[in-house]
Structure formats: structure tokens, C-alpha cells
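Working notes, structure below.
Every value quoted in this text rests on a predicted model; they were computed, and no experiment measured them. Index from 1, following the sequence.
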Amino acid sequence: MSYQKTVTVIGGGIAGLSASVFLTEKGFKVTLVEASPKLGGRAYSFLDKDRNQFFDNGQHILAGWYKNTFEYLRIIGSFSKLNFQKNLEINFIDTGKNVYKLKCPDSAPPLNLLIGLLKFNALDIKDKFALKNIYNVLKSNNNYDDSYESVRDLLEGLKQTSRLVKYFWEPFVLAVFNTQPKNVNVRIFLNIIRNGFNKKESSVLVIPDVNLNELLIDDARKYFKRKNVVHILDKRVKNISIGESVNEVVFDDGSKSNSDYYISAVPFFAFKHLFEEKIYIKNKFRSEFLKASSIVSVHIFFEEKIPEDLIPDNSFGMTGLIGTIVQWIFKRSDRHLSLIISGADNLQIREMSNEDIIKLCFQDLNKTLKKFNELKISGYKIIKEKRATFIPDNTSNEFRPSQETQYGNFFIAGDWTNTGLPATIESAVLSSKICVESILRREMKN
């Protein structure tokens with residue numbers, strides 16, 4: 001570059017943070033602008049003053065194939081705060097209080113998943129025989145788009161048994177896509193399972209040792225300070241002025257930003273508000289048609305230490321529940337459990353009162369955990385992330401824009417853009433990487 005080119009990044013969530021970091025590494029002068037008083041978007045921690053404790057707005061599990069996320073974390077200095085499984089291992093408890101362990105061996109994928117499921121004691125001979133069809137899917141390049149309307153239909157077509165769906169596929173889909181299999185596009189699903197089982201290191205789960213602020217945000221702030229990256233909070237965009245290209249960004253306070261390039265990194269439900277309506281329509285943007293899906297997190301605190309045998313074989317601090325509304329339990333400490341309810345809209349949980357939600361959680365824990373009713377509860381906290389993700393159904397493909405636009409200096413980042421992935425941290429970071437690579441290609445042409 002003949003001189004330091006400038007980029008304005010609108011939005012301080014994970015897409016905006018990672019775009020700013022990747023651009024800075026390539027020598028661009030970045031200004032990051034965020035409308036709220038905090039960075040992190042929908043992946044953040046907040047301080048509960050009553051307990052003097054940070055809470056994540058929701059549990060975020062990473063996977064071994066999150067290569068772009070790991071690159072971002074290495075650059076800002078947070079990568080060492082991740083805890084990697086050696087091999088994929090997940091424990092489940094059903095409403096009969098039976099404990100089942102899914103443990104994949106130290107084998108090459110996708111054989112490691114197949115062997116793990118063959119040894120999974122929740123399944124019988126008929127269930128395990130059906131696995132051969134999944135193995136064939138993992139080894140082929142067929143996307144099955146024309147054959148099946150949804151992942152539910154795909155699993156039926158592959159003759160996955162009801163028990164195999166209940167004890168493996170439904171928990172997997174809810175954890176990754178935050179919705180039921182009937183709502184998930186087949187191609188996106190296949191992208192995920194093939195990414196997850198194409199290399200040995202890709203298939204493991206990765207759980208941070210720290211809260212989301214410490215992992216994703218605090219070290220980014222330190223990086224910005226070291227690299228003189230301007231980041232401004234509480235500054236809302238009034239509109240993006242566009243002619244043949246983006247001319248400037250106008251803010252509510254009347255100030256303006258003029259840069260060589262611009263990246264929108266706002267969530268899908270905020271994107272439309274960046275433009276005059278005629279510009280939005282002209283570009284055939286349709287982000288407002290994406291459907292939101294919520295996640296409810298429930299934190300329960302105990303007066304005494306949780307017995308070791310309450311949640312047997314609690315690998316990696318997490319256990320799946322089968323046949324319940326609550327899907328996952330995370331043991332935060334010896335007096336603190338965190339519960340996760342994904343796809344809370346479909347389950348009609350989001351609009352319930354906190355009192356009704358905690359009653360539901362207690363019912364599920366009494367069904368699954370031995371002697372849970374003997375424990376004394378000291379308190380609880382419920383967090384509703386109402387627009388945690390979008391639902392990646394077939395129609396969502398029509399509303400997810402490419403990162404490049406018809407304007408040579410304007411790009412779109414975000415987990416909701418067309419990355420081929422669901423709304424994950426990796427999708428957000430990948431989208432920003434695509435934007436940065438597009439800008440670099442344009443610079444090379446000039």
C-alpha cells in the first residue's frame with residue numbers, strides 16, 4: 001500500500017472485533033464504532049453486583065475446527081485460555097437417571113465418531129446398525145439438497161432410529177444450531193459435521209477457562225491500545241451515505257466518518273437501520289426476514305457443596321440431559337450449576353416468568369439427578385438472550401448476504417452473512433476474514 005489506508009468498522013461484536021484485528025495486522029488504520037456502551041455484541045459477560053461475579057450471557061462452546069477464531073485469539077493473546085479435549089467426550093443423563101458416556105477413541109475421523117457411537121451404551125444393536133448410513137454421508141460429497149427439506153427429513157431418509165435421534169442427533173443439532181432438526185437446512189448441517197470430522201483435532205470440544213470478556217474482549221482492548229486502534233463506544237450510526245460507493249457514515253450526534261473502506265459488522269436485526277429505505281431496497285437486502293432464536297441460561301446456587309456423585313462422570317464440566325426441556329448442565333463450581341435451554345422460542349420458554357422457568361428446571365433436575373431434591377438452593381439467576389442466533393432453515397439462505405457488495409468499498413460481516421455456517425463465533429470471525437481478504441484483493445488491483 002502506498003499509504004496507510006483507513007477502514008471504519010461499524011459494530012463491536014465478535015465480527016467487528018476480529019475484522020479490526022485482522023485489518024490492523026495487515027497495516028490498515030482502523031476506527032471501530034459501537035452503538036452500545038460495551039464491546040462483544042451477543043457474546044459478553046456482565047457483573048452481577050449482588051454476587052460480585054461475572055456471568056456470561058450464554059454458554060459458548062467452541063470446536064476444534066474453529067481455525068479462524070483461534071487465529072483471532074492467538075493475535076490478541078487469549079488462545080492459552082482455552083481448554084481442549086483430547087478426544088470428543090460427552091456424558092448424558094436421561095429421565096430414568098441413567099448415565100451414558102459418548103467417548104470417541106484416538107482414531108482418524110470419521111472413524112473416531114463411528115467407533116464412539118458404536119460403544120455408546122445409550123444405543124442398541126438396531127440403532128448402531130443405522131450408523132453405517134451416516135458414515136457414508138461423511139465420506140461422500142453429496143449435499144442431498146434436492147432430496148430433503150430439512151435435517152429431520154435427512155435423518156429419516158438415512159434411517160436413523162428414534163433412539164439415535166433422541167440420544168445423539170437432537171442434542172447435537174440443538175447445541176450447534178439453537179433450534180430443532182426440522183428447522184435446519186441440510187447443506188449447513190453437512191458443512192458442520194464434515195468440518196467437525198475431517199481431521200482428528202477438529203472433532204473435539206473446546207471450553208474456555210475464563211468468562212467471555214476475558215477470552216474475547218479484554219485482550220482485544222489491550223491489543224487496540226498497543227496498536228493504536230481507535231474504538232468508540234456509545235456512538236450510533238444514523239445512516240450510511242451511498243452514491244456509486246459509500247461516501248461517509250453519519251452518526252446520530254452529527255459527526256461523520258470518511259474512510260477508504262467500510263465494514264458493517266452489526267447483527268441482522270440492526271442492519272436495515274443503517275440505510276435509507278430506498279438504498280436498502282435497491283440493494284435487495286432482506287436481513288429483516290431472518291428469524292431469531294433465543295437461548296435461556298439458568299444459574300442455580302447452593303448453600304452447601306454439590307455432592308460429587310450428583311452428576312457422575314461430568315466430563316469437561318458439562319453433561320447433556322435427555323428427554324427434558326433443559327438440555328445441558330455445566331458445573332461452574334462446587335456450589336454453582338449453569339443450565340442451558342436452546343431454541344427457547346420453539347419450546348415457549350422465552351416468555352415464561354422467571355418463577356415458572358425455575359420450577360421447570362427443578363422438575364427436570366429432579367427427573368434426572370439422583371437426590372437433587374435434598375439440596376438446599378441459596379438462589380438463582382435467569383438470563384434470556386432473545387436474539388441469540390438466527391434459525392438456519394431453507395429460507396434463511398435467501399436473506400444472508402455475501403460479504404462483498406456492489407460497492408467497491410463496502411463489506412458486510414457477521415455470523416448471519418453467507419458463510420455456509422450457522423450463527424456461531426466461528427461464522428462471525430470467518431465473515432470478517434472474508435471481508436479483509438476482499439479488501440486486500442482490491443488493494444492489489446489498485
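- Contact check for Arg42 versus Asp415: side-chain heavy atoms found under the 4.5 Å cut-off.
- In summary, the aromatic rings of Phe410 and Tyr262 are positioned with their centroids too far apart to meet the 6.0 Å limit.
- Trp328 is listed as a side-chain neighbour of Ile90, based on a closest heavy-atom distance under 4.5 Å.
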Go through the steps to decide whether Ile217 and Leu212 satisfy the test side chain to side chain contact (heavy atoms under 4.5 Å, CB included), and finish with yes or no. CA-CA 7 Å; Ile217 302 167; Leu212 291 174; 5.7 Å; no

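- Formation of a donor-acceptor pair under 3.5 Å by the Arg400 side chain with backbone atoms of Leu290 is not found in this model.
- A cation-pi contact, defined as under 6.0 Å to the ring centre and within 45° of the axis, links Lys433 to Phe22.
- For the residue pair Ser293 / Thr179, no side-chain donor-acceptor distance below 3.5 Å is found, with atom types taken as modelled.
- Counting all heavy atoms, side chain and backbone alike, Asn258 lies closest to Asn247 at ND2-O, 3.4 Å.
- Expressed to the nearest 0.5 Å, how far OG of Ser432 lies from CD1 of Ile263 amounts to 7.5 Å.
- Contact of the Thr8 side chain with the Val246 side chain is not registered, since no non-hydrogen atoms from C-beta on lie closer than 4.5 Å.
- Asp219 places no side-chain N or O within donor-acceptor distance of the main-chain N or O of Ile76, the cut-off being under 3.5 Å.
- With Lys38 contributing its side chain and Gly41 its backbone, the two residues share a donor-acceptor pair below 3.5 Å.
- The shortest distance between side-chain heavy atoms of Lys227 and Val30 does not fall below 4.5 Å.
- Between His336 and His299, the two ring planes are tilted [angle within 30° to 60°].
- Ring geometry, Phe70 versus Tyr66: the interplanar angle falls from 30° to 60°, so the pair is classed tilted.
- A 6.0 Å sphere centred on NZ of Lys331 holds more than 12 heavy atoms belonging to other residues, nucleotides or ligands.
- Heavy-atom contacts from other residues, nucleotides or ligands closer than 6.0 Å to NZ of Lys182 number 12 or fewer.
- Considering all non-hydrogen atoms of both residues, Pro109 and Lys199 come closest at CG-C, 3.2 Å.
- Closest heavy-atom contact between Leu32 and Gly11: CD1-O, 3.1 Å.
- Relative orientation of the Phe271 and Phe275 rings is perpendicular, given thresholds of 30° and 60° on the angle between their planes.
- Taking CH2 of Trp65 as the reference point, atom CG of Leu421 lies at 5.0 Å (rounded to 0.5 Å).
- Taking the side chain as every heavy atom from C-beta outward, Lys67 and Glu426 approach each other to under 4.5 Å.
- For the pair Ile439 and Lys26, the minimum side-chain heavy-atom distance is 4.5 Å or more.
- Using a distance-only test at 3.5 Å, with no hydrogens or angles considered, a donor-acceptor pair links the side chain of Ser353 to the main chain of Asp356.
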Report all side-chain donor-acceptor pairs from residues 202-210 shorter than 3.5 Å, counting only partners two or more places apart or in another chain.
unit_1	atom_1	unit_2	atom_2	d
Ser202	OG	Asn198	OD1	3.2
Ser203	OG	Asn112	ND2	3.2
Ser203	OG	Lys200	O	3.1

Derivation of the side chain to side chain contact (heavy atoms under 4.5 Å, CB included) call for Leu274 and Ser264: CA-CA 9 Å; Leu274 299 179; Ser264 163; 3.4 Å; yes

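- Taking a 6.0 Å sphere around CD of Glu277, one finds it holds 12 or fewer heavy atoms contributed by other residues, nucleotides or ligands.
- Under a cutoff of 6.0 Å and an axis angle of 45°, Arg286 and Phe399 do not form a cation-pi pair.
- The environment of Glu149 atom CD is sparse: at most 12 non-hydrogen atoms of other residues, nucleotides or ligands sit within 6.0 angstrom.
- No side-chain N or O of Tyr380 forms a donor-acceptor pair with one of Asn354 less than 3.5 Å apart.
- Side-chain atoms of Ser427 and Thr419 form a donor-acceptor pair, as typed in the model, at a separation below 3.5 Å.
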Please report, to 0.1 Å, the donor-acceptor pairs under 3.5 Å made by any side chain of residues 231-245, with sequence neighbours excluded.
unit_1	atom_1	unit_2	atom_2	d
His231	ND1	Val229	O	3.3
Lys235	NZ	Asp253	OD2	2.7
Lys235	NZ	Ser255	OG	2.7

Step by step, would you call Tyr223 with Tyr72 a side chain to side chain contact (heavy atoms under 4.5 Å, CB included)? CA-CA 11 Å; Tyr223 174 91; Tyr72 165 71; over 6 Å; no

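- Heavy atoms only, all atoms of each residue included: Asp153 and Tyr148 are closest at O-CD2, 3.3 Å.
- Side-chain N or O atoms of Ser45 include one that pairs as donor or acceptor with a backbone N or O of Asn213 at under 3.5 Å.
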Is there a ring pair (Phe, Tyr, Trp, His ring centres under 6.0 Å) between Tyr167 and Phe92? Walk through the geometry before answering. CA-CA 8 Å; Tyr167 281 80; Phe92 297 95; 7.7 Å; no

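- Within the structure, the salt bridge (Lys or Arg N to Asp or Glu O under 4.0 Å) test picks out the following pairs touching residues 339-354 (sequence neighbours left out): Asp345-Arg350.
- In this structure, the side chain of Asp364 engages the main chain of Ile325 through a donor-acceptor pair within 3.5 Å.
- In this structure a side-chain-to-backbone donor-acceptor pair under 3.5 Å is missing from Asp48 to Gln53.
- Once rounded to the nearest 0.5 Å, the distance linking CZ of Phe330 with CD1 of Ile340 reads 6.0 Å.
- Rounded to the nearest 0.5 angstrom, Ile192 CD1 and Phe177 CZ are separated by 5.0 Å.
- Proximity of a side-chain donor or acceptor of Gln327 to a complementary backbone N or O of Ser342 within less than 3.5 Å is detected.
- No donor-acceptor pair closer than 3.5 Å links the side chain of Ser402 to the backbone N or O of Glu404.
- By the 6.0 Å contact criterion, CD on Glu398 is enclosed, its count of non-hydrogen atoms from other residues, nucleotides or ligands being greater than 12.
- Note on ring orientation: taking the six-membered ring where Trp is involved, the planes of Phe390 and Phe268 are perpendicular (angle over 60°, cut-offs 30° and 60°).
- Here Ile295 contributes atom CD1 and Thr389 contributes atom OG1; the two are 6.0 Å apart, rounded to the nearest 0.5 Å.
- A donor-acceptor pair under 3.5 Å is formed between the side chain of Ser18 and the backbone N or O of Ile14.
- Here the shortest heavy-atom pairing between Pro110 and Tyr135 reads CG-CE1, 3.8 Å.
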Go through it in stages, so that I can follow the logic: the residues are Asn185 and Asp393, the test is side chain to side chain contact (heavy atoms under 4.5 Å, CB included), and I'd like the CA-CA distance, side-chain angles, deciding distance and then a yes or no. CA-CA 5 Å; Asn185 171 268; Asp393 57 15; 5.9 Å; no

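- Taking 4.5 Å as the limit, every side-chain heavy atom of Ile306 sits out of range of all side-chain heavy atoms of Asp334.
- The closest side-chain heavy-atom distance from Ile412 to Thr405 is below 4.5 Å.
- Smallest separation of non-hydrogen atoms from Leu215 and Lys81: CD1-CB, 4.2 Å.
- With no hydrogens or angles considered, no side-chain donor-acceptor pair links Tyr261 and Ser438 at under 3.5 Å.
- Between the CD1 atom of Ile434 and the CZ atom of Phe411 there is a distance of 12.0 Å, given to the nearest 0.5 Å.
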